[in-house]
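Everything numeric here is computed off the predicted structure, so don't read it as measured data.
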Amino acid sequence: MPATHDAQDGKAIETPAMQELFEKLEDAEKGRQHAEKALKRLERAVDTMHIGVTITDLDGTILYTNPADATMHGYAVEELIGENVDLLAAPEHSRLAVEQVLRVRVWEREAVDARKDGTTFPVLLISDVVEGPDGPVAIVTTCGNLTERRRAEQQLIDDALHDPLTGLANRALLIHHLERSLGRARRQKNYLFAVLILNIDRFQVINDSLGHSFGDRLLVSVARRLHACLRPTDAFARLSGDEFAILAEDISKEIGATRVANRMRGLLAAPFIIDGQEVFVSASIGIAVSSNGYTQPDQLLRDANLALRRAKARGESSHEIFDTVMHQNAVTLLQLETDLRRALERREFRTFYQPIVALDTGRVTGMEALVRWEHPSRGLLAPKDFLAVAEETGLIQEIGWWVLREACTQTCKWQSMESVSHPLTLSVNLSRKQFTQPDAVKRIGNILKETGLDAENLMLEMTETAIMNDAEPALRMLSQLKALNVQLHMDDFGTGYASLSFLHRFPIDTLKIDRSFVVDMGTRPGASEIIRTILALAKNLNMRVIAEGIETKEQLTELKDLECDLGQGNYFCRPLEPAAATAFLRDHPPLV
């Protein structure tokens, strides 16, 4: 520690004031050394950071930059010191707006920087003011490369707009394209475009037989083949499952859309070979053309779907162009479905009955139960007006079980009448959905027990198509029904595709000839021969035959000559309400 010197002996004399001063100087030196060490540690930390850091003066001259910032921009640190910071900005961009930074003190923004080689990339910049004793002296800016973030964001967008299996546009992206096309159609009077929705026919069969993995690979192959036939301006999307959509831009009237449909069906005609397995596919196509005055994408998709449903109803590998009648029908069907759901609650259904007659004696042997709907505004509706909707919605099951219970109850009342001297049978149609219901046999047994009708007096009618649609499960179900001791009828025989190899195995009691053959008797060559063949087949299989739809005496005479067992139709009696049917059974003499 410094000191004063004694004049006599030369010794240093330390005063309290000087001692205090010297202590402060020593502390300051230690503080400086400590600050230098801290600054070096900070500099090392900044130098090793992965994020870029630059320090500039208020004119933008680079005073310091860390290696991460220099490397990010393709420079060495030495190349940047003393340069203006705008060297790091992309052309026509400014790296630093000093006035903005000084005003807000901390300024965060996204920008575009440039590398030494001229390539550009997105960055996130955060600038902060360094204050000195007399005000701002420098600006520290951190720089983060946003390239990976932007790539990830773009990937998320792509995933949200594309189908993961095929890579095609999805519904959301298709709607975006449709909005653009609608806008163009509004601006250009003669501009036309069309939406085609394509559905692979019987694709579920391929999935069920060859597996879903095979089905997925087939869909990818279908997408590639179809995509190759489209123009660059057209959009191609996968909507769901085996359903694809094509936006055909700038077409010439409806014929342009038809040509696209025919071209796609032609491409699908060639076989697909996947894992050595050869598969043939066809497609149904629905088309909506922009000339119908659409304003929203969903309207086009809705109408193309309506046209697709019409095409599928026509048969495989066909196309339909939407017209306004389809939409009107769809609205009507929607209202019908709504009304149908309420009809059971409101007890609007009615059972009608039509006699079944032994053609050799004219005696009424039974009644067929038929359902009618007492619609609150449309009046009495026949099955053809609502059963298709009931089938599609699944309501047919509830309606069918209601009819069976009502008819069994009514038949028991008739059998107790004195005028009915023989067991009266009841024929009731069993819908395809009822027939395939797992608890169908149990429900029928319960209804027979509840109503008291003998099982042998119940005749369950199932269409030929419903039975033959899946023959082996149908055989098991028929055997279970037969175990109840009910009689089984195959309805609409001759209109389906019953295989003789299965027919003789089925426990069928009666074949019911479809009315179309009876109506054609005497007017269409071969109709009588078809009936003769059915009668011979039934006789060989020990089955009875009912001819339905008898309208004239001539038809009746010919059927009697052919020795048909039973018949029904308007020639004998139109379907009757329960009270009228009761009167008929009580008062009516034999009919032939």
Side-chain angles (χ1 to χ4, degrees), residues 205 208-209 356 358-359 365-369 387 391 396-397 400-401 403-404 407-408 423 425-445 447-448 453-518 529-549 559 562-568:
V205 175
D208 291 343
S209 57
I356 297 174
L359 298 188
T365 63
M367 290 284 193
E368 180 178 6
L387 281 190
E391 282 274 4
I396 190 65
Q397 296 186 53
W401 298 126
V403 169
L404 180 59
C408 287
T425 63
L426 169 66
S427 294
V428 179
N429 186 271
L430 202 63
S431 71
R432 181 181 60 84
K433 289 188 180 292
Q434 286 178 281
F435 182 63
T436 57
Q437 201 171 331
D439 63 343
V441 176
K442 181 179 179 180
R443 295 194 69 159
I444 293 168
I447 290 173
L448 289 171
L453 183 68
D454 288 339
E456 61 184 11
N457 295 140
L458 177 60
M459 300 180 175
L460 295 174
E461 297 186 1
M462 292 141 286
T463 64
E464 178 182 358
T465 303
I467 294 175
M468 294 305 303
N469 192 49
D470 204 348
E472 288 294 347
L475 178 58
R476 290 193 293 271
M477 177 60 73
L478 290 171
S479 299
Q480 292 175 41
L481 290 172
K482 195 63 182 173
L484 288 178
N485 204 31
V486 300
Q487 297 188 52
L488 303 177
H489 291 193
M490 184 179 284
D491 198 9
D492 299 339
F493 187 76
T495 61
Y497 46 90
S499 166
L500 295 181
S501 63
F502 274 101
L503 186 59
H504 81 278
R505 295 169 55 193
F506 290 146
I508 299 294
D509 299 292
T510 305
L511 299 179
K512 200 167 188 180
I513 300 174
D514 186 71
R515 66 177 62 250
S516 61
F517 297 113
V518 175
E529 288 306 313
I530 292 175
I531 294 177
R532 189 189 306 275
T533 301
I534 293 173
L535 289 167
L537 173 66
K539 184 176 181 179
N540 289 332
L541 294 175
N542 197 29
M543 299 177 183
R544 294 187 303 169
V545 175
I546 300 176
E548 62 177 342
L559 287 167
L562 291 172
E563 298 183 355
C564 182
D565 303 300
L566 302 164
Q568 69 180 98

- Enumerate the residue pairs fulfilling side chain to side chain donor-acceptor pair (under 3.5 Å) with a member in residues 478-488, sequence neighbours excluded, ordered by first and then second residue. Lys482-Asp509, Gln487-Arg544
Residues 438-445 side chain polar contacts: donor-acceptor under 3.5 Å, at least two apart:
residue: Asp439; atom: OD1; partner: Gln437; partner atom: NE2; Å: 3.0

- Message: Looking at Thr365 and Ile356, would you say the former's side chain and the latter's main chain have a donor-acceptor pair under 3.5 Å?
- Response: yes
Quick one: side chains of residues 455-463, donor-acceptor pairs under 3.5 Å with protein atoms, not counting sequence neighbours, listed by atom name and distance.
residue: Asn457; atom: OD1; partner: Gln415; partner atom: NE2; Å: 3.4
residue: Glu461; atom: OE1; partner: Lys512; partner atom: NZ; Å: 3.2
residue: Glu461; atom: OE2; partner: Lys512; partner atom: NZ; Å: 2.8
residue: Thr463; atom: OG1; partner: Ala466; partner atom: N; Å: 3.1

- Task: Apply side chain to side chain contact (heavy atoms under 4.5 Å, CB included) to the pair Leu430 and Trp401, showing each step before the final yes or no.
- Result: CA-CA 9 Å; Leu430 202 63; Trp401 298 126; 4.2 Å; yes
- Task: For Asp454, enumerate each residue passing the side chain to side chain donor-acceptor pair (under 3.5 Å) test, keeping only those at least two apart in sequence or located in another chain.
- Result: none
- Side-chain touch Leu537/Thr533, heavy atoms, less than 4.5 angstrom: no
- Residues two or more places apart in sequence or in another chain: which of them pass side chain to side chain contact (heavy atoms under 4.5 Å, CB included) with Ala538? Leu511, Met543, Val545
- Who pairs with Arg532 by salt bridge (charged side-chain N to carboxylate O under 4.0 Å, His left out), at least two apart in sequence or on another chain? Glu529
- What closest approach, in Å, do Ala547 and Leu559 show between heavy atoms, and which atom pair accounts for it? CB-CD1, 3.8 Å
- Task: Identify the heavy atoms of Ser431 and Glu391 that sit nearest to each other, and give their distance.
- Result: CB-OE2, 3.6 Å
- Message: Could you measure the distance from the CD1 atom of Ile513 to the CD1 atom of Ile534? Nearest 0.5 Å is fine.
- Response: 5.0 Å
- Note on the structure: For Phe517 and Phe493, the nearest pair of non-hydrogen atoms, with its separation, is CE1-O, 3.7 Å
- Query: Are Arg515 and Gln568 close enough, and set up right, to give a side chain to side chain contact (heavy atoms under 4.5 Å, CB included), and what steps lead you there?
  - Reply: CA-CA 10 Å; Arg515 66 177 62 250; Gln568 69 180 98; 5.9 Å; no
- Message: Other residues, nucleotides and ligands only: do more than 12 of their heavy atoms fall within 6.0 Å of CG on Asn540?
- Response: yes
